[in-house]
Amino acid sequence: MKNRSLKDYGRKVLSCITAAVMLCSAMSVGIFAEDDTRNTMEFYVSPDGSDAGSGTIDDPFATIAAARDAVREAKDGFSGDITVYLREGRYYQESTLEFASEDSGSDDCTITYKSYEGETAIIDGAVALDSSSFTKPAADDALVARIKDSAARENVLVYDLSGLNINYDEQQAVYYGGSRALEARYPNDGYVMGFDSVSGKTFYDTSNVVSTWAEPVGVKIIGMFEIDWSSSDGIISSYDSSSNRVTVSTTTYTLSANSGRYYYANVIEEMDMVGEYYIDEETETLYFYAPADYMDIVISIASCKDAVIKAEVNNYTFDGLIIEGGYDDNISITGNDNCIQNSTIRCCGDTNIYINGFRNTLYNNDIYHSGGSGIDLYGGDTKLLIPSNSLIDNNKIHAFGDVHRVYNGAIYADGIGFVISHNEIYDAPHTSFTNVACEMLFENNYIHNVCYEAGDAGAIYEGGWGSNGNIYRSNLLKDIVNIYSEYMTPLGYYVDNSGGGKTFVSNVLINIDGDAIGCAGRDLDLSDNIMVDTRGFYFDQRGYYPGAGVLSGWAYETAFPDKSLWLSMIPFDHVTGHIEPAPAYATESWAIHYPWTMLMKTTNVVDLNDNYVPQAYGGGVIRNNVIGGLTGVYTISANPERLISIRDNVSGILTEDIFVDYENGDYTIKEDSKIYKLVPGFRAFDFSENGVQ
């Protein structure tokens with residue numbers, strides 16, 4: 001697949017954004033045709049090559065950097081497609097592989113880095129350890145003697161890390177066979193729930209495990225110490241064995257007896273699972289409970305800081321590669337008309353992919369084991385309201401939030417004018433999608449098994465009125481269940497902080513722990529959704545003028561001093577904890593782009609300075625929604641119930657009267673479903689278009 005053809009593919013779809021008719025079915029017609037009229041140029045890289053070579057298939061370069069330099073020189077005056085083929089093997093990046101502006105391609109000269117056909121090239125930011133250098137520990141090894149589990153004691157291996165590019169002052173990341181190893185920890189999975197007998201930052205060890213460790217001081221303690229939507233960490237600063245009380249050194253939050261949770265990490269005594277490790281910094285020795293096939297897999301330690309690949313370029317494609325092992329991020333791209341496709345991006349300490357600019361594409365990738373978010377998506381001009389026209393399509397994004405477990409989703413979006421479609425997103429402790437972007441289409445995505453540690457969260461989370469014009473259409477959200485019943489239950493689609501101006505239509509939400517849809521904002525269109533095994537709707541009135549009694553709301557979220565729209569009209573970034581005003585607010589472009597904010601006037605919300613939004617309050621629609629099964633509820637507060645159009649919603653329809661085969665996961669709507677009789681004009685979810693295609 002040629003880079004130029006895929007970009008044509010993206011442009012055909014993305015041009016629909018500005019026209020507000022975003023039909024992704026347009027992507028399928030004649031868009032991958034080859035064009036033999038363009039000139040081509042090829043370079044080759046091989047781990048067996050030499051940077052003194054000519055870069056041909058018979059005389060390849062040894063490093064990608066050498067190929068980059070050759071391309072930089074060759075592209076001047078060249079019109080056509082330049083491809084750098086990476087032959088089978090691992091390309092270790094001790095430091096970031098950088099592509100600068102002078103490496104950019106253009107519409108007349110596209111540049112592609114890809115694996116050679118039938119081979120796999122791995123660009124790795126982690127030091128691969130020599131499997132043959134793992135040894136059994138000495139018989140008198142004092143650390144091994146502390147391991148409680150007999151199987152772990154017998155099978156643990158050691159590796160001398162001295163001389164490697166490792167900073168022991170920071171968190172380490174060990175990978176094996178494409179998976180993330182875990183610091184030896186207690187408990188093995190999940191958390192100790194609640195801090196018992198808390199006094200300041202001292203608590204009673206109800207698990208009675210700390211007393212079994214030879215050196216408790218310095219052990220890491222990680223979790224959510226006070227609230228479930230902010231992560232915390234610290235170390236044990238002291239332990240009183242006579243009272244079994246632990247004191248924590250931490251700068252984040254207090255310790256909560258009711259809502260706190262935590263686990264201990266970096267404890268050699270607790271090594272009892274394959275894939276656990278412990279690093280003794282004094283002797284620079286890795287202790288690893290390796291799998292039986294450790295000689296046949298790659299075991300590595302992240303070393304490349306910042307990003308494995310950092311590209312500030314235009315018209316670049318990375319195709320069919322494995323990029324892994326970043327201490328921080330794996331790949332960071334800033335520029336326009338760039339693409340990552342058919343690749344595996346995995347195993348990093350923070351974000352797998354950062355991408356920022358116009359007309360960028362992430363297509364058909366497998367993205368997993370992110371320490372933080374899977375993708376950080378930026379682009380467009382939020383001041384002039386010019387869309388990015390970037391596309392995230394047909395990717396599998398899973399196992400994100402491995403390390404930083406709160407508000408690190410598959411995608412964090414910030415900007416204007418994206419299409420996010422046909423992705424499968426799953427397996428994460430918190431939200432799958434955190435959004436502060438506007439004018440975005442999010443459709444045909446399959447989201448499941450997320451928020452399993454979250455309460456005050458949603459599978460899709462966004463807050464703030466500044467993220468206007470977003471459309472969520474034909475998505476399937478399933479099995480959004482918190483495994484800790486002591487905590488609040490997660491939602492499906494969660495619009496927090498009175499966020500408004502969004503459309504959520506023709507989605508199916510199944511087995512949601514809390515409410516399928518929870519919101520508070522103005523000018524929301526919530527229509528034609530099907531909810532099964534969930535509480536249905538919850539709609540509060542935080543964004544409404546504070547009346548008296550049952551009509552009372554939150555005043556500080558409805559009066560807008562200055563040009564900042566405060567909580568009810570601007571995004572709150574849970575990742576950074578910052579509140580920033582919508583950049584275009586109180587400008588002429590804002591007023592032109594969102595005329596409804598001027599024309600819909602009531603006395604419900606007042607902008608104190610009349611910054612193009614005089615007394616702005618729109619309405620809202622809750623219509624044609626179906627709650628399947630025998631239970632379900634619409635919980636709507638007094639003000640929205642009074643001011644929003646709520647009609648033609650039904651409940652109590654059995655699943656066998658809705659779906660073709662609910663029990664076996666076929667969520668196609670029956671042609672003769674009762675929905676069509678009870679809700680004339682119902683716009684059905686198209687199951688055949690859902691998820692990766």
Side-chain angles (χ1 to χ4, degrees), residues 1 6 9-10 12-14 16-17 21-32 341-342 361-366 391-398 410-411 418-426 432-433 440-450 459-460 471-480 492-493 503-512 516 527-534 624-626 628-629 653-693:
M1 183 187 301
L6 182 60
Y9 161 78
K12 284 186 178 181
V13 179
L14 294 166
C16 297
I17 299 176
V21 183
M22 307 181 207
L23 299 176
C24 284
S25 60
M27 295 189 294
S28 62
V29 183
I31 49 183
F32 297 114
Q341 64 182 22
N342 308 318
T361 300
L362 303 179
Y363 175 76
N364 201 43
N365 301 292
D366 193 5
L391 172 69
I392 298 180
D393 184 72
N394 223 62
N395 304 282
K396 285 189 176 182
I397 313 169
H398 52 110
I411 303 169
F418 306 119
V419 168
I420 300 172
S421 56
H422 297 291
N423 302 287
E424 182 178 2
I425 298 171
Y426 60 99
S432 73
F433 181 58
M440 174 191 63
L441 174 64
F442 189 97
E443 74 171 350
N444 297 122
N445 299 289
Y446 175 30
I447 301 173
H448 60 99
N449 299 98
V450 299
I460 297 174
I471 299 172
Y472 296 88
R473 183 172 66 199
S474 295
N475 301 287
L476 172 61
L477 282 63
K478 182 182 176 186
D479 298 333
I480 314 303
Y493 177 51
T503 299
F504 190 80
V505 297
S506 300
N507 301 284
V508 171
L509 303 98
I510 296 173
N511 190 29
I512 312 296
S527 303
D528 299 280
N529 301 291
I530 299 175
M531 294 154 275
V532 177
D533 293 331
T534 176
N624 288 18
N625 298 286
V626 175
I653 304 179
L654 300 178
T655 54
E656 55 263 36
D657 292 326
I658 302 175
F659 303 109
V660 167
D661 190 355
Y662 177 75
E663 295 300 325
N664 291 302
D666 185 347
Y667 304 120
T668 305
I669 311 303
K670 283 184 170 182
E671 290 185 5
D672 60 349
S673 171
K674 288 184 178 180
I675 294 175
Y676 297 120
K677 296 179 181 179
L678 295 171
V679 188
F682 181 83
R683 293 171 292 179
F685 163 79
D686 187 351
F687 181 61
S688 68
E689 289 292 319
N690 187 254
V692 171
Q693 300 293 293

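Start at 1 with the first residue, then count along the sequence.
- Atom CD1 of I471 is separated from atom OG1 of T503 by 5.5 Å, given to the nearest 0.5 angstrom.
- The two residues V505 and N529 make their nearest non-hydrogen contact at C-OD1, 3.5 Å.
- With rounding to the nearest 0.5 angstrom, the CG atom of D533 is 9.5 Å from the CD1 atom of I512.
- Donor-acceptor pairing under 3.5 Å is lacking for the side chains of N690 and N444.
- Between atom NZ of residue K478 and atom CG of residue N449 there is a gap of 8.0 Å, rounded to the nearest 0.5 Å.
- In terms of modelled atom types and a separation under 3.5 Å, the side chain of D393 and the main chain of L391 share no donor-acceptor contact.
- Looking at E424 and H448, their side chains do bring a donor and an acceptor atom within 3.5 Å of each other.
- Heavy-atom minimum distance, N423 versus I392: ND2-O, 3.2 Å.
- Residue pairs meeting the ring-ring contact (aromatic ring centres under 6.0 Å, His included) criterion with at least one partner in residues 665-693, sequence neighbours excluded, are F659-Y667, Y662-Y667, Y667-F687.
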Review point. Could you walk me through whether I653 and V626 pass the side-chain contact (heavy atoms from CB on, under 4.5 Å) check?
Key: CA-CA 8 Å; I653 304 179; V626 175; 3.9 Å; yes
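- At distances below 3.5 Å, at least one donor-acceptor pair connects side-chain atoms of Q693 with backbone N or O atoms of G691.
- Between N395 and L362, the closest heavy-atom pair is ND2-O, 3.0 Å.
- Of the possible polar contacts, one joining the K670 side chain to the E656 backbone as a donor-acceptor pair under 3.5 Å is found.
- I669 approaches A684 most closely through the heavy-atom pair CG1-CB, 4.0 Å.
- Counting only N and O atoms by type, the side chains of N507 and N475 include a donor and acceptor under 3.5 Å apart.
- Here the CG atom belonging to N445 is positioned 7.5 Å from the CD1 atom belonging to I420, to the nearest 0.5 angstrom.
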Point to revise | side-chain contact (heavy atoms from CB on, under 4.5 Å) evaluation trace for I411 with I397 | key: CA-CA 9 Å; I411 303 169; I397 313 169; 4.1 Å; yes
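- Across all their heavy atoms, E443 and L441 have their closest contact at OE2-CD2, 3.6 Å.
- Considering all non-hydrogen atoms of both residues, A459 and L477 come closest at CB-CD2, 4.0 Å.
- Remark: side-chain polar atoms of S432 are not paired, donor with acceptor, to backbone N or O of I425 under 3.5 angstrom.
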Review point. Yes or no on side-chain contact (heavy atoms from CB on, under 4.5 Å) for L509 and I530, after CA distance, side-chain angles and deciding distance?
Key: CA-CA 6 Å; L509 303 98; I530 299 175; over 6 Å; no
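- Checking side-chain atoms of S673 against main-chain N and O of D657 turns up a donor-acceptor pair under 3.5 Å.
- When only modelled atom types and interatomic distance are considered, D366 and H398 share a side-chain donor-acceptor pair under 3.5 Å.
- Side chain of D528 to main chain of R683: a donor-acceptor pair is present (N/O by atom type, distance under 3.5 Å, no hydrogens or angles).
- Side chains of S474 and D686: a donor-acceptor N/O pair is absent below 3.5 angstrom, by distance only.
- I447 places none of its side-chain heavy atoms less than 4.5 Å from the side chain of L476.
- No more than 12 heavy atoms of other residues, nucleotides or ligands shown are found within 6.0 angstrom of NZ on K674.
- Note that OH of Y446 and OH of Y426 are 10.0 Å apart. Values are rounded to the nearest 0.5 Å.
- Residues V532 and N511 form no side-chain contact, since every pair of their non-hydrogen atoms from C-beta on lies 4.5 Å or further apart.
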Check your understanding: Would Y493 and F433 satisfy side-chain contact (heavy atoms from CB on, under 4.5 Å), going step by step from the backbone distance to the final call?
Key -> CA-CA 10 Å; Y493 177 51; F433 181 58; over 6 Å; no
